Every structure is written in C-alpha cells, then in structure tokens.
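Before any comments, here is the structure.
Everything numeric here is computed off the predicted structure, so don't read it as measured data.
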Amino acid sequence: MSELVRVRARHPEAIAEAAARRIRRPLLNDAGRLMIVAADHPARGALGVGDRKFAMANRAELLERLCLALSRPGVDGVLATADILDDLLLLGALDGKVVMGSMNRGGLQGARFELDDRFTGHRAEDIERLRFDAGKLLLRIDYDDPGSLTTLESTARAIDDMAARRLPLFVEPFISRRTDEGRLKNDLSAEAVIKSIAISSGLGGTSAYTWLKLPVTENPDDMAQVMETSTLPAVLLGGEVGGSEEEQDGAYEKWRGALQLPTVRGLVVGRSLLYPPDGDVAAAVDTAVGLL
C-alpha cells in the first residue's frame with residue numbers, strides 16, 4: 001500500500017504508462033466463454049458482504065483478494081472503477097486480462113436519487129484512451145420513479161458512444177421498486193427479467209456491441225424462457241449471496257443450469273467469490289470457473 005501511495009503521489013503518470021504497455025487479449029477465451037471478477041461495488045457506497053457492513057472498505061484486503069482471483073486459471077479479467085483498475089495496473093495484475101470499466105456509479109446505495117444513476121465513472125473515451133476492453137453500466141427501472149427515465153436516456157447515449165468505438169458494453173438491467181420502508185429491491189421474477197431484457201436490448205442506435213449482464217430468476221427453471229427474449233449475448237451476474245456455505249452452493253447450482261443456455265456466454269461475479277463464507281477465495285473462484 002505504501003508503494004502504491006508513493007507512486008501515485010510522485011509519479012501519477014505511471015498509471016497511463018502502465019495502461020499503454022498492458023498486454024491485451026481477445027474478449028472471449030478459446031472456448032468462447034468469459035469469466036470476470038467484479039469489484040465496482042464500493043464506488044456506489046455498497047461496501048457490505050453478508051453481515052460485514054464494511055467488508056470491501058479495506059482496500060489492501062480487496063486488492064489482495066482481486067490479485068489472487070485474477071491469478072487463478074480460467075479467470076479472464078476484472079470489472080471495476082478507475083481507482084481500483086489504476087491500482088491493479090500499477091501492480092501489474094492486468095496483463096493478458098480483459099479489463100472492463102464501470103461507467104455509472106452515481107446511483108448511491110440507499111440514496112433518494114438512487115435510480116437517477118448518473119454516469120460518474122468511466123466514459124467511452126476513457127475506456128478507449130486507456131486501451132481497456134469493455135464497459136459496464138447498471139440500469140434499474142422503477143415505473144414510479146422518474147429518475148429511471150434519466151438513466152434510460154443516458155444508457156442509450158453510452159451505448160451509442162461505445163458502439164462508435166467498437167467497444168463492447170455490458171448492460172445490467174433490472175425492474176426495481178421500493179419497499180414500504182423505502183429500500184430499493186430488484187424484481188427477479190421471470191416477467192420482470194423478460195421486460196428488463198426487452199427494454200435494454202432496444203436502447204441506442206445499434207445493438208451490435210451490446211451485451212447483457214443478467215441475474216438468475218427466482219425460479220431457475222424460468223431461465224430458458226427468459227433468455228428467449230433477445231439474441232444479445234449475455235453473462236450471468238452473481239448478485240447478493242447469503243453468508244452460509246449452503247447459500248453459496250445454491251448460487252453455484254443456479255449458475256450451472258443457466259450457463260447451458262445458448263445465449264449465455266459466461267459469468268461476472270464479485271462479492272460471492274471475493275468474500276466467500278469459508279474465506280477461501282481460490283476455491284470459490286475455481287468452482288465458478290469449473291461451471292463454464
């Protein structure tokens with residue numbers, strides 16, 4: 001950590017230099033699959049994992065877990081915000097890896113404006129300038145919240161900007177609503193996920209470079225019907241997994257079934273692999289890779 005701080009303070013240009021010399025690779029592996037570790041949660045104020053409210057707030061620990069995950073066979077790359085990717089560039093952990101920049105993090109967890117999810121992270125021009133490989137955005141749609149319309153429009157323009165640069169953009173859509181307590185909850189019913197796919201697939205002037213990042217539905221048996229909604233390639237997201245090993249095993253089984261569907265090309269999973277219930281990051285990552 002002290003060396004990272006020293007370089008940042010004395011030689012901030014080292015980040016751009018590391019990005020310029022980074023060894024790149026194709027998006028998909030030889031089998032046409034993709035395994036990405038996600039770590040863009042902190043920039044939205046979402047630091048908790050299970051009952052650990054600030055688990056992701058320790059940057060040294062997070063970087064250590066990320067470097068371990070990226071070193072495991074079959075892990076193709078990482079999704080994160082600029083601060084984390086800059087650290088990983090300086091650590092030399094991104095050579096030969098797919099690098100995804102997280103684009104909209106303005107919808108802070110628990111905020112009244114959470115669904116007016118401004119693009120406060122990577123811009124398309126940043127992803128191109130840094131020679132990163134793709135972008136990702138979050139699109140939560142609440143029919144009762146006008147902030148969703150702002151995010152919809154911004155999403156469409158981001159799709160256009162990325163497509164103009166021939167860069168893939170992973171769109172993570174949800175139909176969401178607030179509970180009586182005001183907490184935002186994503187609807188994982190088949191009907192809701194189908195609607196979210198239909199809406200997000202039609203955004204922008206072209207869908208040529210659009211991917212979908214989707215949850216497994218409440219009833220995993222519904223996934224075959226859900227994935228018939230679009231021809232866009234998709235990856236599965238991890239979502240919030242409980243703190244027990246049984247819940248972790250249940251998540252693996254959900255992913256295993258959905259990964260057999262023709263449009264599903266891989267996994268983009270974060271906290272459930274970086275902070276598994278038993279603490280064994282390598283084993284959790286290896287199990288996920290095995291599902292592919």
Side-chain angles (χ1 to χ4, degrees), residues 26-36 38 40 76-77 79 98-104 117 119 121-122 124 127-128 132-141 148-149 151-176 186-218 220-239 254-270 291-292:
L27 181 70
L28 299 177
N29 62 27
D30 292 341
R33 304 291 247 176
L34 190 63
M35 175 69 210
I36 299 292
D40 60 341
D76 295 299
L79 158 65
V98 173
V99 182
M100 291 186 186
S102 187
M103 302 180 76
N104 65 327
D117 203 344
F119 282 67
H122 287 102
I127 294 171
E128 179 182 47
F132 291 163
D133 305 295
K136 172 260 179 183
L137 60 84
L138 176 63
L139 173 61
R140 289 170 296 177
I141 303 164
S148 291
L149 180 58
T151 309
L152 271 168
E153 183 178 17
S154 299
T155 295
R157 299 294 75 80
I159 289 171
D160 291 338
D161 288 345
M162 290 290 282
R165 294 166 169 83
R166 298 186 177 183
L167 287 168
L169 179 57
F170 289 68
V171 178
E172 181 180 350
F174 292 99
I175 302 297
S176 307
N186 296 325
D187 188 343
L188 300 185
S189 67
E191 178 182 349
V193 178
I194 286 171
K195 283 185 177 180
S196 73
I197 293 173
I199 293 167
S200 56
S201 296
L203 293 173
T206 178
S207 63
Y209 294 90
T210 305
W211 285 61
L212 298 174
K213 180 172 179 274
L214 301 172
V216 177
T217 48
E218 287 173 343
D221 293 338
D222 291 332
M223 283 299 288
Q225 177 193 4
V226 165
M227 297 309 298
E228 293 174 350
T229 310
S230 175
T231 58
L232 298 185
V235 292
L236 304 177
L237 59 89
K254 288 182 179 181
W255 299 336
R256 187 191 308 277
L259 282 166
Q260 307 309 310
L261 299 171
T263 59
V264 178
R265 309 310 302 163
L267 291 168
V268 178
V269 184
L291 300 178
L292 298 175

Could you tell me the separation between the [atom1] atom of [X] and the [atom2] atom of [Y], rounded to the nearest 0.5 Å?
X    : Y    : atom1 : atom2 : value
I159 : S154 : CD1   : OG    : 11.0 Å
L267 : L34  : CG    : CG    : 9.0 Å
M35  : D76  : CE    : CG    : 8.5 Å
L149 : T155 : CG    : OG1   : 10.5 Å
L138 : N186 : CG    : CG    : 7.5 Å

Self-check item: Side chain S148, main chain R140, donor-acceptor under 3.5 Å
Solution: yes

Quiz item: Is there a donor-acceptor pair closer than 3.5 Å between any side-chain N or O of D160 and the backbone N or O of G204?
Solution: no

Within a strict 4.5 Å, meaning less than it, do heavy atoms of the [X] and [Y] side chains meet?
X    : Y    : value
P168 : D133 : no
L137 : T151 : no
L203 : L139 : yes
I175 : I141 : yes
V226 : I194 : yes
F170 : I36  : no

Just to verify, what does [X] make a side chain to side chain contact (heavy atoms under 4.5 Å, CB included) with, not counting sequence neighbours?
X    : value
Y209 : A163, R166
A234 : L212, L214, M227
P262 : none
E153 : R157

Exercise. For residues 189-211, pull every pair meeting salt bridge (Lys or Arg N to Asp or Glu O under 4.0 Å), keeping only residues two or more places apart or in separate chains.
Key: E191-K195

Shortest non-hydrogen contact from [X] toward [Y]:
X    : Y    : result
L28  : W211 : CD2-CH2, 3.7 Å
K254 : P220 : CG-CG, 3.7 Å
Q260 : R256 : NE2-O, 3.2 Å
M103 : A124 : CE-N, 3.9 Å
R33  : L292 : NE-O, 3.5 Å
L236 : A258 : CD1-CB, 3.5 Å

What residues form a side chain to side chain donor-acceptor pair (under 3.5 Å) with [X], not counting sequence neighbours?
X    : value
T231 : none
D222 : none
D161 : none
K213 : E172

Quiz prompt | For R265, salt bridge (charged side-chain N to carboxylate O under 4.0 Å, His left out) partners two or more places apart | solution = none

Self-check item: Residues which pass salt bridge (charged side-chain N to carboxylate O under 4.0 Å, His left out) with D40, listed by chain and number, not counting sequence neighbours
Solution: R105, K136

Practice problem: Go through the steps to decide whether L152 and I199 satisfy the test side-chain contact (heavy atoms from CB on, under 4.5 Å), and finish with yes or no. | Solution: CA-CA 9 Å; L152 271 168; I199 293 167; 3.9 Å; yes

Quiz item: What pairs meet the side-chain hydrogen bond (donor to acceptor under 3.5 Å, both in side chains) rule with one or both residues in residues 199-208, with sequence neighbours excluded?
Solution: S201-S230

